[in-house]
Amino acid sequence: MGKKLFIAEKPSVAQEFAKVLHVRGRRGDGFIESEDSVVTWCVGHLVTMSYPEVYDPAYKKWAFETLPFLPETFRYEVIPNVKKQFETVKGLLNRPDVEAIYVCTDSGREGEYIYRLVDEMAQVPDVKKKFRVWIDSQTEEEILRGIREAKPLSAYDNLSASAYLRAKEDYLMGINFSRALSLKYGGWLNDNVEGKKWTSVSVGRVMTCVLGMVVSREWEIRKFVKTPFYRVIGSFSPQGVPGGAGEEAFEGEWRVCEESHYFQSPKLYKENGFLDEETANALIGQLKSEEREALIESVEKKKEKKNPPLLFNLAELQNLSSKLFKISPDETLQIVQDLYEKKLVTYPRTDARVLSSAVAKEITKQLKGLQGYDPALPYLREIARMKSFEKLEKTRYVDDKKITDHYAIIPTGQGLSALKSLKPVSAQMYEVIVRRFLSIFYPPAVYQKINVVLAVDNPQGMRMAVTGQNAHTENKAYIEHRERFHTSQKVLIEEGFLPVAKYSFSQKKEKEEELPETGSLLPQLKKGMKCAISDMSIKEGETSPPKRYNSGSIILAMENAGQLIEDEELRAMIKGSGIGTSATRAEILKKLFHISYLNLNKKTQIITPTLKGELVCGIVRYAIPAMLSPKLTASWEKGLTGVSEGGISESEYMGKLTDFVSVQVGKVKGTDNKAQLRSYFNAAKGYYSKNKKKDKESEA
């Protein structure tokens with residue numbers, strides 16, 4: 001009887017498989033073997049795409065004559081520093097006594113690609129049985145389930161095709177566009193970057209788009225001109241209320257309405273202020289010209305619910321970690337990957353924020369496992385009392401349609417002994433994941449919101465109202481202007497999930513709990529009550545420039561095709577794959593920092609472009625502007641998803657890709673935009689030379 005070969009992506013994962021499968025026999029150099037099984041591993045990628053000069057030495061020299069470079073057949077080679085492990089894996093895959101191969105690389109597009117390249121380079125015969133193990137965590141139970149339910153490798157051929165296409169796309173765009181732009185504009189770039197040694201114009205399908213997002217935001221900030229505005233705030237003392245008539249008062253903000261003296265006035269700033277202080281003072285003078293009263297026109301009381309947030313996908317966790325821990329997306333991924341490998345959480349590289357119905361049916365396993373985690377105990381008891389786990393499948397936290405490869409990141413309830421060895425930030429991130437998970441079993445928080453509208457007659461000026469058919473007749477009436485003030489109060493009346501969501505290591509309060517105190521006065525107000533106007537004042541403000549991206553918000557913007565959507569429910573409604581994937585976004589940012597196109601302030605996690613990055617962005621802007629379009633970049637990613645789902649053929653996608661590369665390279669060759677580019681370069685350099693010191697201070 002032949003042996004089974006299990007091939008993992010990393011040595012640490014292979015060790016877990018060997019432990020679960022009781023493979024404790026001979027330890028070879030790069031594998032572990034028992035009587036009926038062999039476990040081996042890659043070390044990440046073992047095989048990579050060959051450079052153009054491997055196809056033809058003439059390609060080693062960068063020249064327009066050799067562009068576009070579009071090989072009909074792509075070549076691959078073993079990465080030199082891991083050649084020894086590749087030979088080990090190749091030998092095992094082709095051993096005559098190995099009858100079945102179980103592919104246990106990470107369950108995703110990249111993991112699929114890692115194995116398929118090895119399989120191709122090792123020339124593994126198709127007569128061998130090949131199975132794909134697809135798991136969501138590294139617990140013993142999940143590993144055994146994955147092996148038991150392993151599908152033939154061919155079931156993942158579409159995923160493999162999309163993985164190959166993604167690599168070819170990055171390869172072709174990177175090589176062709178980087179060479180074309182370097183040949184035409186490299187000299188300009190190097191002449192303008194403080195006389196440093198020559199460097200190429202580095203361009204990438206996703207990388208350049210992200211660079212463009214950051215640079216575009218920076219230019220919006222620089223062009224922004226602050227606009228001052230002036231709000232009028234009234235202080236009102238209700239009559240007929242204990243403590244009223246001056247003893248206790250509440251504030252209301254003036255807002256324009258159709259009956260206002262300032263309706264459609266050019267002096268308005270939005271609906272609640274004026275562009276100049278003089279007009280604000282004029283309004284106060286009109287309303288305080290004599291003893292006047294305010295009438296409560298309406299008192300609206302309604303309950304508002306705040307649901308527990310959706311579960312974590314990688315982007316959401318990276319965004320929150322940037323705020324909580326001031327760490328980069330790459331650091332977040334490393335930490336949560338480590339938690340995954342220690343069996344503490346499920347697979348981290350996921351885009352889903354919900355659970356599958358299959359997981360929901362067995363959710364008590366995770367809940368019971370968490371009984372060994374002390375911070376969770378009081379909440380687990382309450383969940384057991386409410387029996388809310390029985391209704392989980394009917395909630396918004398379970399939706400099979402919103403899951404592609406993996407469900408959301410949740411605690412497994414296992415591996416708790418590893419918590420003792422975790423670094424503080426890792427332990428805190430685990431707590432964050434656990435609390436988010438437990439929250440979904442709790443009811444929403446409920447707030448009582450009170451909105452009050454007051455009316456004050458304005459005697460200054462009269463508005464004419466025509467009562468007849470003809471405006472020139474005597475049938476006219478004059479109506480006093482009326483100004484309105486608004487105030488509101490939001491009071492927490494049912495905590496719901498909020499106590500679960502409070503981190504033990506953070507003293508930060510929920511935003512709703514930070515609202516100004518309005519006392520117990522507003523709930524006593526009724527429609528028709530009169531209030532004395534005890535005071536009126538002006539509050540000055542000014543418009544704010546757009547915010548710079550931080551390492552978390554840029555990830556959210558990438559997830560949503562360039563849109564920074566902070567509202568989680570709105571984000572859930574956005575369809576499409578975004579820019580990059582959950583598995584690649586952190587690495588893309590890391591590369592932009594490494595090649596000095598972007599700067600990361602490690603203390604604040606604020607991202608800003610370097611002069612070099614801005615100049616490269618300018619080159620792309622005037623040569624291949626399509627590379628800066630988030631929607632276009634997202635459409636390529638969506639196309640790859642279409643290939644993996646079988647809706648788009650490999651040849652169809654490849655045809656569109658080669659056409660795009662050819663057209664864009666042709667444009668670079670034939671476009672003369674030196675005047676525009678010179679103007680852009682001068683503007684960017686001028687800013688840096690004048691504001692370099694000031695800009696650094698603003699980043700901090």
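Side-chain N or O atoms of T395 include none that pairs as donor or acceptor with a backbone N or O of K391 at under 3.5 Å.
With rounding to the nearest 0.5 angstrom, the OH atom of Y347 is 9.5 Å from the CD1 atom of I135.
Remark: the E431 side chain and the S504 side chain contain an N/O donor-acceptor pair separated by less than 3.5 Å. For the residue pair S357 and D400, a side-chain donor N or O sits within less than 3.5 Å of a side-chain acceptor on the partner. S551 and Q605 share a side-chain donor-acceptor pair at under 3.5 Å. Checked by atom type, the side-chain pair S553/N550 shows a donor-acceptor distance below 3.5 Å.
Under 4.0 Å is where a charged nitrogen must lie from a carboxylate oxygen, and between E142 and K343 no such pair does. A salt bridge is defined here as a Lys NZ or Arg NE, NH1 or NH2 lying under 4.0 Å from an Asp or Glu carboxylate O, and E362 with K365 meets this definition. A salt bridge links R116 with E112: the distance from a Lys NZ or Arg NE/NH1/NH2 to an Asp or Glu carboxylate oxygen falls below 4.0 Å.
Taking the six-membered ring for Trp and the full ring otherwise, the centers of W134 and Y156 sit less than 6.0 Å from each other. The six-membered or imidazole ring of F441 lies near that of F437, with a centre-to-centre distance under 6.0 Å. Annotation: Y164 is in aromatic contact with Y113 [ring centroid separation under 6.0 Å].
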key: salt bridge (charged side-chain N to carboxylate O under 4.0 Å, His left out) between R166 and E110, intermediate numbers included   = CA-CA 10 Å; R166 193 276 308 160; E110 200 64 17; 2.9 Å; yes
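Around NZ of K326, the count of heavy atoms belonging to other residues, nucleotides or ligands within 6.0 Å exceeds 12.
Under the 4.5 Å side-chain criterion, counting only non-hydrogen atoms from C-beta, F312 is not in contact with R353.
A ring-ring contact (aromatic ring centres under 6.0 Å, His included) with F131 is found for exactly one of F6, Y102, Y115, namely Y102.
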